[in-house]
Asks: 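I have a structure here, written as structure tokens, and I will follow up with some questions on it.
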Amino acid sequence: MSRKTQLDAMLADSQRYEAKRLEVDAWLHRMESRLERMGAVGHTADVLEAQLRDQKAFHAELHQYKHHMDLFSQLTQKLIAVYQQDDTTRVKKMTEMVNQRYQNLNASIVNRGKLLQSAMNSLHTFDRSLDKFLAWLSEAESSMEAVEADAERSAQRRDRDGTANGTVNGTGLQHQHQRQLKVGLASAPVAE
């Protein structure tokens, strides 16, 4: 093969490589921007559920694009293998950088998924704890109402018993006063 034919083939392979690198780079840039816009982990169930859906969709898209990353790596390997005599260090470095960006994206979205799942678990744990606390509070409230009702009934009984005893005692005192009055009248000297 002549050097010109070899250089033409190298140019065509380099152009394919560069086109694929630009495509992958644009996709990576879009995904990195999207990841940055995801924001902080939410604190409410509805926000966390939406964030988990976004995270899963992002991770699925990342996984689907893996095929393109593999094609890009194969293209790089082909360039390196076919053009061993030429300097391919720039191609290797660019490919390593692209692969590193992809791995960073993957690691970041996996970590985000763990954070979101942890936040969701914490929220569920909090909800269960809150439910238990509210059940306890309701039970304590019912117990307090029962104690208050018993105390009120006891107070009413004491009042009733006190009034009844007071009436009996009052009537007894009245009868005692009447007897003393009769005795006093009977023993009083009679005026003639």
Asks: Using residues 135-144 as the side-chain source, report each donor-acceptor pair under 3.5 Å to any protein atom, sequence neighbours left out, with the distance given to one decimal.
Replies:
| unit_1 | atom_1 | unit_2 | atom_2 | d |
| --- | --- | --- | --- | --- |
| Ser142 | OG | Ser138 | O | 3.1 |
| Ser143 | OG | Glu139 | O | 3.1 |

Asks: Between atom CG of Asp25 and atom CD of Glu32, what is the distance when rounded to the nearest 0.5 Å?
Replies: 8.0 Å
Asks: A side-chain contact here means heavy atoms from C-beta on lying under 4.5 Å apart; do Gln77 and Gln74 qualify?
Replies: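 No. Closest side-chain heavy atoms not under 4.5 Å.
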Asks: Name each donor-acceptor pair under 3.5 Å that joins a side chain in residues 146-153 to protein atoms two or more places apart or in another chain, with its distance.
Replies:
| unit_1 | atom_1 | unit_2 | atom_2 | d |
| --- | --- | --- | --- | --- |
| Asp150 | OD1 | Arg153 | NH2 | 2.2 |

Asks: Do you see a donor-acceptor pair shorter than 3.5 Å between the side chains of Asn104 and Gln100?
Replies: yes
Asks: Side-chain heavy atoms under 4.5 Å apart, restricted to Ile/Leu/Val/Met/Phe/Trp/Tyr: what other residues fall into the cluster of Leu52, or is it alone?
Replies: Val41, Leu48, Leu115, Leu116, Met120, Leu123
Asks: So, taking the atom named NZ in Lys20 and the one named CZ in Phe72, what distance separates them when rounded to the nearest 0.5 Å?
Replies: 9.0 Å
Asks: Of all heavy-atom pairs between His29 and Arg101, which one has the smallest distance, and what is that distance?
Replies: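 Heavy atoms of His29 and Arg101 come nearest at N-NH2, 3.4 Å.
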Asks: For Leu62 and Trp27, which heavy atoms make the closest approach, and how far apart are they?
Replies: CD1-CH2, 3.3 Å
Asks: Could you tell me which residues satisfy side chain to side chain donor-acceptor pair (under 3.5 Å) with Asp46, sequence neighbours excluded, listed by chain and number?
Replies: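 Checked Asp46 against side chain to side chain donor-acceptor pair (under 3.5 Å); matches are Thr44.
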Asks: Return each pair, listed once, that meets salt bridge (charged side-chain N to carboxylate O under 4.0 Å, His left out) where at least one residue sits in residues 55-65; pairs must be two or more places apart or across chains.
Replies: Arg30-Glu61, Arg34-Glu61
Asks: Counting N and O atoms only, with roles assigned by atom type, does the side chain of Ser118 sit under 3.5 Å from a partner on the main chain of Lys114, one being a donor and the other an acceptor?
Replies: no
Asks: What's the spacing between Gln15 CD and Asp13 CG if we round to 0.5 Å?
Replies: 9.5 Å
Asks: Mind listing the closest non-hydrogen atom pair of Ile109 and Gln55 along with its distance?
Replies: O-NE2, 3.0 Å
Asks: Distance check, rounded to the nearest 0.5 Å: Thr125 atom OG1 versus Arg128 atom CZ?
Replies: 4.5 Å
Asks: Can you tell me how far CD of Gln51 sits from CG of Asp54, rounded to the nearest 0.5 angstrom?
Replies: 7.5 Å
Asks: If we only count heavy atoms from C-beta on, is the Arg112 to Phe58 side-chain gap below 4.5 Å?
Replies: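 Answer no - side chains too far apart.
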Asks: Would a single hydrophobic cluster contain both Phe126 and Leu134, if residues Ile, Leu, Val, Met, Phe, Trp and Tyr are joined by side-chain heavy-atom contacts under 4.5 Å?
Replies: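 Linked within one cluster.
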Asks: Donor-acceptor pairs are to be reported for all side-chain atoms of residues 91-99 against protein atoms at under 3.5 Å, with residues two or more places apart or in another chain.
Replies:
| unit_1 | atom_1 | unit_2 | atom_2 | d |
| --- | --- | --- | --- | --- |
| Thr95 | OG1 | Tyr17 | OH | 2.9 |
| Thr95 | OG1 | Thr76 | OG1 | 2.8 |
| Thr95 | OG1 | Val91 | O | 2.8 |
| Asn99 | ND2 | Thr95 | O | 3.4 |

Asks: About how many Å separate CG of Asp127 and NZ of Lys132, when rounded to the nearest 0.5 Å?
Replies: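 So the gap between those two atoms works out to 12.5 Å.
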Asks: On a heavy-atom basis, which atom in His59 and which in Val110 lie closest, and how many Å separate them?
Replies: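 Where His59 meets Val110 most closely, the heavy atoms are NE2-CG2, 3.6 Å.
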Asks: So do the side chains of Met31 and Tyr65 get within less than 4.5 Å of each other, counting heavy atoms only?
Replies: no
Asks: Any link between Leu79 and Val82 through a network of hydrophobic side chains (Ile, Leu, Val, Met, Phe, Trp, Tyr) touching at under 4.5 Å?
Replies: yes
Asks: Kindly give the heavy-atom pair with the smallest separation between Ser108 and Leu35, and that separation in Å.
Replies: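 Closest pair (atom of Ser108, atom of Leu35, distance): CB-CD2, 3.5 Å.
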Asks: Counting heavy atoms not belonging to His68, are there more than 12 under 6.0 Å from its NE2?
Replies: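 Yes.
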